[in-house]
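Lettering of chains follows the sequences in order, A, B, ..., and the numbering in each one begins at 1.
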Protein chains: 2
Amino acid sequence: MQTKKTSSARTAILEQATPLFATKGYSGVSMRDISKKVGTSAAALYHHFPDKQSLYMAVMEFVFADKVKNIAPPPEDNSPASRQLEHFVGNFVNLLASDPCLRALLQRELLDGDEARLKLLAKRLFIGPFEAIATFAKSLSSNSDPHMLAVSMIGLLLFHFETIPIREFLPSGEDKHNNTEVITSHVTQLLTTALGVSE
Amino acid sequence: MQTKKTSSARTAILEQATPLFATKGYSGVSMRDISKKVGTSAAALYHHFPDKQSLYMAVMEFVFADKVKNIAPPPEDNSPASRQLEHFVGNFVNLLASDPCLRALLQRELLDGDEARLKLLAKRLFIGPFEAIATFAKSLSSNSDPHMLAVSMIGLLLFHFETIPIREFLPSGEDKHNNTEVITSHVTQLLTTALGVSE
DNA sequence: GTCTATAGCCTGATAGAC
DNA sequence: GTCTATCAGGCTATAGAC
């Protein structure tokens, strides 16, 4: 019973490639770009990954694996609904704030991914957490469609981060709107009211 | 007082380039790709646009100009707030559903755009409509931050469209969740409750 | 206004030495 | 496991004929 030994070269490649793909997208990054950032040659990358697509998919798994697993409170959580909601929003906001690449890669995939890749990513990474959020949503508001409510909750959160780069050019856009506590409390308050969760 | 004569070749290029940039992104589309779809040569494109960047920016103006101008109800609208909200959501959903390129290009720009380009796009295209939405949001809920509320409302709507390609692979994802009326009524109901807008 | 041809560079990927 | 060298082709953009 032995876990795979961590190949540090491989991990270093994934770590360096992640922010490149997140900021420039799949077709905006070349194998040479990655190799330069790692401090090696392009040919060396092909020793660790068979091709660019495989490297990219490995980056996706590297970024998402485990990070989004426990995003929703477990069904057996007995704390008050208002507290659960507050924690859920807070945890989600902290995750998005602490790892900007995660959000960018998710949104790029929704724009770029073909059917096969989205199916694979959904199956391996997103189905579990999404199901948990939908179940949590259902426990908060039993007469709404849990699928739609989960989508609404996630979208509500994401867009505050998605708009960070343009906010300073929009009316009343201030630094405080990028602050995690401000986003958390705004979204929590909105959802608490929307779902009729008693305080 | 004469408006610029419509150059039909130029317009044809913009029309063909729009879905390409929307689906594959700036660096995923070559001038040859565009020229093939238009049915001309790559060199011909350079007669109408000085370079690829200029063509892309022209596409952005072509897609956004006027379309998002009247997205929010005017301040002098005297219909009940619940009706205004319903119309706003309905109009926004219809816009996003009728023109998938508009949403994709907006989200790509938020991911790809450098500071200068985002500033330019904000100034020329987004400030007006965003301001109108924020003002509308303030009229609905005077004690919330209008900027954050506007961001929340837009994000709530967008994500239902952003997730269309992956929804079929997520739990309980059904075709009905892609239906404009279903999205409109879900979001309207959510916002009506969240903002305490009386029916 | 559109064409063909091409310059000059970048691309993913491979071969073979070490 | 990493290197240099290289292939075959794609890229933006331009030159110059028509």
Side-chain angles (χ1 to χ4, degrees), chain A residues 3-62 105 108-109 111-114 116-117 120, chain B residues 3-62 105 108-109 111-114 116-117 120:
Chain A
T3 56
K4 193 175 64 177
K5 192 179 161 198
T6 54
S7 155
S8 76
R10 190 187 142 98
T11 305
I13 293 169
L14 294 176
E15 277 169 0
Q16 298 302 315
T18 296
L20 284 177
F21 281 130
T23 56
K24 293 166 174 295
Y26 180 79
S27 57
V29 177
S30 71
M31 295 298 270
R32 282 172 174 80
D33 291 337
I34 298 168
S35 72
K36 261 177 222 157
K37 207 172 169 205
V38 175
T40 182
S41 67
L45 302 180
Y46 285 90
H47 176 78
H48 299 278
F49 306 92
D51 54 28
K52 187 185 174 186
Q53 276 281 346
S54 304
L55 199 168
Y56 176 78
M57 287 302 280
V59 163
M60 293 299 288
E61 298 237 20
F62 175 72
L105 288 169
R108 286 194 181 279
E109 203 54 37
L111 286 166
D112 291 341
D114 58 25
R117 217 163 65 187
L120 184 70
Chain B
T3 55
K4 194 173 63 177
K5 191 178 160 197
T6 55
S7 155
S8 74
R10 190 187 142 99
T11 306
I13 293 169
L14 294 176
E15 278 168 359
Q16 300 300 318
T18 296
L20 284 178
F21 282 130
T23 57
K24 294 166 174 294
Y26 180 80
S27 57
V29 176
S30 70
M31 295 298 268
R32 282 172 170 84
D33 291 337
I34 298 168
S35 71
K36 263 179 220 155
K37 207 174 170 205
V38 175
T40 182
S41 67
L45 301 180
Y46 286 90
H47 175 79
H48 299 278
F49 305 93
D51 53 28
K52 188 185 173 185
Q53 278 279 348
S54 304
L55 199 168
Y56 176 79
M57 287 301 280
V59 163
M60 292 300 288
E61 296 236 21
F62 175 72
L105 288 169
R108 285 193 183 281
E109 203 54 37
L111 286 166
D112 291 341
D114 58 25
R117 218 163 65 187
L120 183 69

Practice prompt. Mind checking side-chain contact (heavy atoms from CB on, under 4.5 Å) for B/Ser27 and listing every partner two or more places apart, or none if nothing turns up?
Written response: A/Ser27

Discussion item. If you compare every side-chain N and O of A/His48 against the phosphate oxygens of D/dT2 (OP1, OP2), does one of them come in below 4.0 Å?
Written reply: yes

Ignoring hydrogens and angles, write down the donor-acceptor pairs under 3.5 Å from the side chains of residues 14-25 of chain A, residues two or more places apart or on other chains.
from, atom 1, to, atom 2, distance (Å)
A/Thr18, OG1, A/Leu14, O, 2.7
A/Thr23, OG1, A/Pro19, O, 2.8
A/Thr23, OG1, A/Leu20, O, 3.3

Item to complete: For B/Leu120 and B/Met57, work out which heavy atoms get closest and say how close.
Response: CD2-CE, 3.2 Å

Fill in: Length of the line joining A/Tyr56:OH and C/dG12:P, which is rounded to integer Å
15 Å

Worksheet item: Would you say a side-chain N or O of A/Thr40 is under 4.0 Å from OP1 or OP2 of D/dG1?
Response: no

Practice prompt. Can you sort out the partners of B/Ala12 under side-chain contact (heavy atoms from CB on, under 4.5 Å), two or more places apart, ordered by chain and number?
Written response: none

Discussion item. Please give me every residue in residues 16-25 of chain A whose heavy atoms get under 4.0 Å of an atom in DNA chain C, ordered by residue number.
Written reply: none

Using atom names, set out every protein N or O paired with an N or O of nucleotides 11-18 of chain D below 3.5 Å, distance rounded to 0.1 Å.
from, atom 1, to, atom 2, distance (Å)
D/dC11, OP1, B/Ser30, OG, 3.3
D/dT12, OP1, B/Met31, N, 3.3
D/dT12, OP1, B/Lys52, NZ, 3.2
D/dT12, OP2, B/Met31, N, 2.8
D/dA13, OP2, B/Tyr46, OH, 3.0
D/dA13, OP2, B/Lys52, N, 2.8

Worksheet, complete the sentence: Interatomic distance, CG@B/Leu105 vs CE@B/Met60, rounded to 0.5 Å, equals 5.5 Å

Worksheet entry | Integer-rounded Å distance: C/dG1 P and B/Phe49 CZ | 12 Å

Item to complete: Applying side-chain hydrogen bond (donor to acceptor under 3.5 Å, both in side chains), name anything that partners A/Arg117, two or more places apart in sequence or on another chain.
Response: A/Gln53, A/Glu109

Worksheet item: Quantified as the angle between the terminal helix axes (five pairs each), what is the overall bend of the helix from C/dG1-D/dC18 to C/dC18-D/dG1 to 10 degrees?
Response: 0°

Worksheet item: Is there any salt bridge (charged side-chain N to carboxylate O under 4.0 Å, His left out) pair reaching into residues 30-48 of chain A, and which pairs are they, with sequence neighbours excluded?
Response: none

Worksheet item: Looking for any heavy atom pair under 4.0 Å, which part of the strands does B/Ser41 touch: base, sugar-phosphate only, or nothing?
Response: base

Discussion item. Would you compute the distance between atom CE of A/Met31 and atom CD1 of A/Ile34 and round it to the nearest 0.5 angstrom?
Written reply: 5.5 Å

Worksheet item: Tell me, which pairs form a side chain to side chain donor-acceptor pair (under 3.5 Å) where one or both residues lie in residues 38-51 of chain A, sequence neighbours left out?
Response: A/Asp51-A/Ser54

Worksheet item: How close or far is atom C1' of C/dA15 from atom NE2 of A/His47, stated in whole angstroms?
Response: 15 Å

